[in-house]
Each structure stands twice: as structure tokens, then as C-alpha cells.
Protein chains: 2
Amino acid sequence: MVKQTVTIRDIARMAGVSAGTVSRALNNSPLVREETRQKILQVVRALNYVPNRAAQRLATGKTLTLAVIVPFFTAPSVVERLKGVVHTLAQSRYDLIIHNIEDPEQRAGCFQTILRRDLVDGVLVISIAPKDEEVRLLSEADVPVVLIDAYHPALTGLLHQITVDDVAGGRAVTKYLIGLGHTKIGFVGDPADNPFNFTSSRDRARGYREALEAAGIPYRPEYYAEGPHGRRYARESARRLLALPDRPTAIFAASDVQAVGVLEAARELGLRVPQDLSVVGYDDVEIAEIVGLTTMRQRLFESGQRGVELLLRTLADPTTKPVHEVLPTELVVRETTGPPP
Amino acid sequence: MVKQTVTIRDIARMAGVSAGTVSRALNNSPLVREETRQKILQVVRALNYVPNRAAQRLATGKTLTLAVIVPFFTAPSVVERLKGVVHTLAQSRYDLIIHNIEDPEQRAGCFQTILRRDLVDGVLVISIAPKDEEVRLLSEADVPVVLIDAYHPALTGLLHQITVDDVAGGRAVTKYLIGLGHTKIGFVGDPADNPFNFTSSRDRARGYREALEAAGIPYRPEYYAEGPHGRRYARESARRLLALPDRPTAIFAASDVQAVGVLEAARELGLRVPQDLSVVGYDDVEIAEIVGLTTMRQRLFESGQRGVELLLRTLADPTTKPVHEVLPTELVVRETTGPPP
DNA sequence: CGGTTTAATTAAACCGGTTGCATTATACAC
DNA sequence: GTGTATAATGCAACCGGTTTAATTAAACCG
């Protein structure tokens, strides 16, 4: 065990006061005479004293640390949200510890250990929708939790939740394509049932079906393809769709990354975009602008930012009522969409 | 101050032993009879006891936490390295706290506070080359530090450093272009003198000049352009280069992101790639593959991974000699390069 | 000026673990 | 059986802050 170079008692001795007074002086207690405080601060500066974090935590029960649980390796949109979190937290005095979820099994253990008061003061969860059996764990956690891009109906009113209305977004994209004149519209997304319990693709697909129905266009199962997230799998899915005898004239991809896969498939097959095929993505991450992709913009960075704000507010005032905020989306039309051939 | 629900003394009482024995049992001390240990573990499980981290830290002087200092908002390559760090650390019992550097002023403060034993046990620094005045701070830090994609000659032998040979990389790219027959080769990069003290662009430019010289091609200052990192600025730089009366037939960009900017400029000007203009990037991040960019691949993820390994090794055995590892690079030829027109 | 409030300060008891040292239980040898 | 070495355990002192209660100093009042 290594002893600290300068402790509060050293400061106390040198300033000719007791440790308690030094502590109060540093924590801006009004119980210290201004003159005494100045003397103490002088010594503190002279010795370059910084209080021991572990001791503070033990004594106060506060950790001054927050945790973020994030599936870091899944999608660029997740990184963008994380950036929002990191940026906003930089202005506060909280430290941020990052817990990456690499595979589904880690989830349980992670939730179990993290949600304890002596480890962190609060938790942010990005893009991991709780399963039914995790609801109790989350609602009974003894630290405040904020879900970003994650949602469970049973948690409304218990936790802060920040989402977008993916069903409405999916509807809007599909309606836009229908408005262009398309009737043969395909969908490429993640498996509705996936180990991380990502719900966005599922919800966007629902909006897609609703919009078709509303326009009186029958839903054709052969136009719906799902596969693991990522460009490669999306490309394969798109290949299948585009190889159909009566192939779609437009494809709605559940994310920009997948839309790029669709574009690659189109290029392989010699289809011109948007003349032969229209493609729409979702998220508006940087790559969308680069490849000129029409997409549904989400406020990714802002979602992280907002999550931190809510968490900090709750920490400052634990009686804050948990809210469910729905961030807006916005269609960004670029060069991958046009009327059907 | 909130008291913990279950403490080590509760366990001790219920198991009919002393707190010290419980502590030893949980830390696998050989000083505990197997039978006693089992009895204790049983109680621990029954009460769902987890030791208080703050108390452990205070008592042992170990924090079980590492910090990573990273300019999160600058480039995708940085994110990729961070992923390597996060992934590798998941297998250890260390927590990772992330410190984002958003602007140059934060650097100093960040280094000052982080490098203290009672905050973290070790520090990783990604892509931030120390300035001369920071060298002392780093070498006198009372925790081990590993630099990833960052380097200072005065720190050799004092800290672990993981880099690539950017000068050699720049030379190789330029040589490759010369081999294709190009003699009019431009360079688009970051300012050699930038607030974050990023050195990679500067070094790659040096390699570029060396290769030109070695081939007997005179260096033309009007073929060299620098501007803030990012696609936009690179596009502007490229526009300038391509507007020259005797414009270059190839452009070497200091990063993939910048190479994409160059491609955009070429498209604007109606130049075909690679027939009219060859473009080479650096890093091989995901976007390079998507746009079919010829580039110099770096082992980004691996650099983070390796950094963690070295840090963990040093923590386990403080006598470990600090090394300077140079990771290899590899030219990946795709569709943006060809012989000059 | 003595008595009473009020303001500052100190002393000591926490917080919940770990660990050196003393002590007791157990094993072993003679 | 006693003596001695060894294995387990208990006790209490840490670690370095914060905070309550007790104490002292300063201010106020009639």
C-alpha cells in the first residue's frame, strides 16, 4: 500500500488548524472564517494538494462517476450518440466510465454490477432496449438510469427515456417513396429478433408496412429481407431482392450502413441509382453525405447530449419526474432517390 | 451519506467469523481454511454481497481503473484505436474512464489531474503527441503511461510508445505513385503546426518529400496544401491544387477522410478517377473500402489492443522495460489509382 | 461587565474495506 | 504427554477523507 504524498492532515498541521476545518474550507462551507480559508488555500496551493478521490467517495457515499453502457461495435450511429454524451459530460465534474457490450451474455452481468450506488452515481444506456426480465433490475436500481435510443413500455414514468418515433420515421420514408410513384418498395433491415434486442429496424419495418397499407399497396413478403447488421449482409439481402423476377424499384434500408450495402449490390448488378433503383437510408451519419444518400436524419449527437442533461438534472434533484422524450426526425433528400423507371 | 446495505462485517457476523477472515476469503488468500471459505461464500451469495469499491481503493491504494485520453472528435481512426482499447480491456477487471480532449487548452489540465495514483492505476494516451513542456509531466507521472500513435523522442525508454513509421509510410505511397509513372504528385494534409500537435500528417509529408527527392523529382511547393483536418478543408485544398495551370496527376492525402474530400473536388471539376487523377489515402478506415480508395492501411484497432497489453503488463510487473513498438503498414490498392493520363 | 447567542473550531467517530501482529487451533515429532 | 512448528483466525490499526457533537472564541445585549 502506497501512502499519499500530501494528506488533509498535512495541510491541517501546516495551516495550524484541524483536518475538519480544512475539509470544510475546501468544500466552501460557510462555517469557516474567510481569513482561515485563505490561509488554508494558500497552503493547499503551496503543497499542490488534491484530495484523495477514494477517501471522498467512501466518506460521502458519492462516486462522482457515471457509467455508460454501449454496444460500441455495432454501428456508427452509436458512436455519434456516445460523442454527444462525452461532450456534454466534459463540462461537468463527473467522470465517465465506459462499459462496452460485445455480446448478449455480457448484458445481464453488466446491468447487475453497474447499477449499484457505490460504483457509480448514475447510468446511461445507449441503444440497448431492455428485455422484459431486465425491467425489474432497471426499475429497482439504486441509481438513476437514462435510456437513450432504448425503450420499454413498462419503464415509462420510472426512467428517463429518449427515443425517436421509428414507426413514424419508417412510415414517412415509405410515404415519400410512394409519393415519387413507387409501388414496388423493398425493405432491408436487421432481424426483428436479434440478440441485442435492437428495436429500431423492427419499428421502421412496421412503419413501412403501415404506409403501404395506408396507400392500398399490398405488402409482399418477398420484398422484405433481414440479416445481421452491417454492409455485407445488407448487400446480400439486396442482391436477393434485386434478383427477383419482378424486382423492387426502390429499397428502404433500416440504416445508412445497410443502405450502402444496397448501393453496392445495385452497382454489382449494373443498376443505375436513382434511375433504375431508388435507395433510402436512416440516421444520416457522415457516410450518407459522402455517398449522396437520401436518408432520414436522426439527432444522434443531440440524443446523447439530452440524456446527460436529464441524468444530471435527476442527480441534482432526485424528485425529478422521469420523462419520455421523442426527438424529431427529418428527411434529407440527396441523389439516390427519384421516380421509378 | 447513505449506508451500504450489506457490509463485510454483516457477512462476518452471519458466518461467525471476523471481518478480516471474510476479506481474506474473498481475496483468495491461502490463509483461510477451505471449509471456512465455503461457509463465507455461501453467506456472501445469500446476501448478494459485493464489496464497496471506494473502500477497497482506499485500503489498497489501487483504483482498478485506467484512463484513456483521446481527441474523440477528430478522426475516425481515433475511434478505431479506442475500440481496440475498449475491447481488450473488457477481458480484464479494470474499469476504463474516458477523457475527451476537445480543445488544446484542456490538455494541460487533463494531464495534470489524471496522472495521479489515487485517481487511476494507469493511463493510455491516443493520438496526442506530447509537447516539449509536457515531457516532464509525463515522465514524472506516478502511474504508468502508454502512448498510442503518439511519440516524443525524449520519452523513449521512459514510457511505452506505439507508433507507425509515418515517414516510411509517406515514402512508400509516393514511391508507389512514382512507380505508376506519376511525376506531378500533390499532397493534401493537416497543418504541420496544429493545436493538438498531431504529427502524422507532418511525417507523411516528410516521407513524400524524401521519396520525390530520391527519385530526382523536384519538390514543388505549389503542390503542397494544408488545412484543418476534415473533408471540407481537404476538398478546398484539392480544388486549389487542381486549378493550377499545370495540375498534378496524382494526389496523396494524409488520411482517408481527406482523400474523400479530394475525390469530391475531382468530381466537381469533372475529373475522372483514376484516368485523369490518382488519389491515395492513409489509414484504411471503413469509408476507404466503400469508396474504393487506394490507401495505406494502418493497424488501428491493433494499436489500441497492444497499448492495453503493454499497460497491463507494466501494472503486473512494474519493472517492465518501456518499449517503442512500430506497427507495420500495408498498401491496399483499390480503384482510385492508375498510370498518369 | 456578566450572561447569552452565535460563529468558528476541534476532537473524535464514522465510511467499509485490508493487513500486520498477536493469538489460538491443529499437526507433528520426540 | 509435552514441546514446537505451522495453519487459521481474531483484533485492531490503518487508508484519507467527512461530519456530528462538543468546545471555545467572538459578538451582542441590557
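Chain identifiers are assigned alphabetically (A, B, ...) following the order of the sequence lines, protein sequences preceding nucleic acid strands; residue numbering begins at 1 within each chain.
- Across all strands shown, dG2(C) is found opposite dC29(D) as a Watson-Crick or G-U wobble partner, with both distances under 3.5 Å.
- Side-chain N/O atoms of His87(B) and Glu102(A) include a donor and acceptor closer than 3.5 Å.
- We find that NZ of Lys62(A) is positioned 14 Å from C1' of dC15(C), with the value rounded to whole Å.
- Using a 4.0 Å heavy-atom cutoff across all strands shown, Thr7(A) reaches sugar-phosphate atoms only and no base atom.
- Between the P atom of dA8(D) and the CD atom of Glu35(B) lies a distance of 11 Å, rounded to the nearest Å.
- Thr21(B) has a side-chain polar atom (N or O) that falls below the 4.0 Å cut-off from OP1 or OP2 of dG10(D).
- Rounded to an integer number of Å, the gap from Ile8(A) CD1 to dC15(D) P is 14 Å.
- The two residues Val70(B) and Asn100(B) come nearest to each other via the heavy atoms O-OD1, 3.0 Å.
- Protein atom CG of Leu64(B) is 15 Å distant from nucleotide atom C1' of dC15(D), rounded to whole Å.
- With 3.5 Å as the limit, one finds no donor-acceptor pair spanning the side chains of Asn194(A) and His229(A).
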With B for base contact, S for sugar-phosphate-only contact and - for none (protein heavy atoms under 4.0 Å), nucleotides 21-26 of chain D reads ------
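- With a 6.0 Å cutoff to the six-membered ring centre and a 45° limit on the axis angle, Lys83(B) does not count as a cation-pi contact of Phe73(A).
- Residue Val17(B) is in sugar-phosphate contact alone, with no base atom involved, counting any heavy-atom pair closer than 4.0 Å across all strands shown.
- Atom CG of Asn27(A) is separated from atom P of dT20(D) by 13 Å (rounded to the nearest Å).
- A donor-acceptor contact closer than 3.5 angstrom is absent between the side chains of Ser29(B) and Asn27(B).
- Comparing dG17(C), dC11(D), dT18(D) by their closest approach to the side chain of Pro51(B) singles out dG17(C).
- OP1 or OP2 of dG16(C) has not a single side-chain nitrogen or oxygen of Gln56(B) nearer than 4.0 Å.
- The backbone N or O of Gly84(B) sits less than 3.5 Å from a side-chain atom of Thr88(B), completing a donor-acceptor pair.
- Nucleotide dC15(D) holds its P atom 14 Å from the CG atom of Leu58(A), rounded to whole Å.
- Counted by atom type alone, Gln42(A) and Gln38(A) present zero donor-acceptor pairs between their side chains at under 3.5 Å.
- Distance, Asn52(B) CG to dG17(D) P: 17 Å, rounded to whole Å.
- If you find the closest nucleotide of DNA chain C to Arg9(A) and to Thr36(A), the one lying nearer the 5' end belongs to Thr36(A).
- Residues Leu31(B) and Leu26(A) both approach DNA chain D. Their nearest nucleotides, taken by heavy-atom distance, put Leu31(B) toward the 5′ side.
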